[in-house]
Amino acid sequence: QLVESGGGLVQPGGSLRLSCAASRFTFSNSWMTWVRLIPGKGLEWVANIKEDGSEKYYVDSVKGRFTISRDNAKNSLFLQMNSLTVEDTAMYYCGRGGSHDALDIWGQGTMVTVSS
Amino acid sequence: DVVMTQSPLSLPVTLGQPASISCRSSQSLLHSNGHTFLNWFHQRPGQSPRRLIYEVSNRDSGVPDRFSGSGSGSDFTLKISRVEAEDVGVYFCMQGTHWPVTFGQGTKLEIK
């Protein structure tokens, strides 16, 4: 099970930190991913992170602004989002897996709205 | 980036009838390791997406056998043998062979 939190309304240029709490599987053995569903546009892969945090990958549109991280001791995944723009408005989901074993488990999502 | 093109984008279906969704990629999805990383997801209204099919044709646990995936290279299909009411929602294909991972636009299935 995955449970996201941390979404909300933020002004352009602002920051948010999303969290994802994992349970009922061995978190430390799993690649993890953030995906977003952009209204009217569809799904976009945001970032993923290797089991031990040693590798991280980002889609170009968030590189340099977003940082994915994890705390295996707390079974938690994070997404630090800085310099937010209106184009970042979306429902953000965390999911288990990387690009090759993608997303067999999804969280319920947390909504991020960037607006002035 | 690999472009994933689904068709149709809207799919009205009568209960009990079959349905088929096409997903075409702008590049072959055959990975150098011999696997083809093409997945299908279903999102019911108000719910999170759920993975139905991984690596073209493998059903996830708990997915009814009326769902099947097929295809190779850059041409893939999701078929529902007999549509049930719970099948409404949006279906997405996703490729994980090439970075960045990309999704199709989504196909909205509704009951006629």
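Heavy atoms only: backbone and side chains are in, while hydrogens, waters and symmetry mates are out. Chain letters run A, B, ... following the sequence lines, proteins first, then strands; residues in each count from 1.
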I would like to know whether B:Phe103 and A:Val35 meet side chain to side chain contact (heavy atoms under 4.5 Å, CB included); could you show each step before the answer? CA-CA 11 Å; B:Phe103 293 88; A:Val35 173; 4.2 Å; yes
Same cluster or not: [X] versus [Y], using hydrophobic residues (I, L, V, M, F, W, Y) connected whenever any side-chain heavy atoms lie under 4.5 Å apart?
| X | Y | answer |
| --- | --- | --- |
| B:Leu29 | A:Leu43 | no |
| B:Phe67 | B:Ile111 | yes |
| B:Leu38 | B:Leu30 | no |
| A:Tyr93 | A:Met32 | no |
| A:Val46 | A:Met91 | no |

Quick check: closest heavy atoms across [X] and [Y], and the distance to 0.1 Å?
| X | Y | value |
| --- | --- | --- |
| B:Met94 | A:Trp45 | SD-CZ3, 4.1 Å |
| B:Ser48 | A:Gly109 | OG-N, 4.4 Å |
| A:Leu103 | B:Phe41 | O-CE2, 3.4 Å |

Spacing of CD belonging to B:Gln43 relative to CH2 belonging to A:Trp106, to within rounding of 0.5 Å: 7.5 Å
Using 0.5 Å steps for rounding, measure from the CD atom of A:Glu44 to the OG1 atom of B:Thr102. 10.5 Å
For B:Tyr91, give me all partners under ring pair (Phe, Tyr, Trp, His ring centres under 6.0 Å), at least two apart in sequence or on another chain. B:His42
Pick from A:Gly95, A:Gly98, A:Ala102 with the largest number of heavy-atom pairs that fall under 4.5 Å of chain B: A:Ala102
Proximal to chain B - members of residues 47-69 of chain A, heavy-atom separation under 4.5 Å: A:Asn48, A:Tyr57, A:Tyr58, A:Val59
Counting neighbours of CZ on B:Arg66 that are heavy atoms of other residues, nucleotides or ligands and sit closer than 6.0 Å, is the number greater than 12? yes
Can you tell me if CZ on B:Arg59 sees more than 12 non-hydrogen neighbours from other groups inside 6.0 Å? yes
Select one option (side chain, backbone, both, neither) describing which atoms of [X] are under 4.5 Å from chain A's heavy atoms.
| X | result |
| --- | --- |
| B:His31 | side chain |
| B:Gln95 | neither |
| B:Tyr54 | neither |

Given heavy-atom pairs under 4.5 angstrom as the criterion, report whether the side chain, backbone, both or neither of A:Leu37 touches chain B. side chain
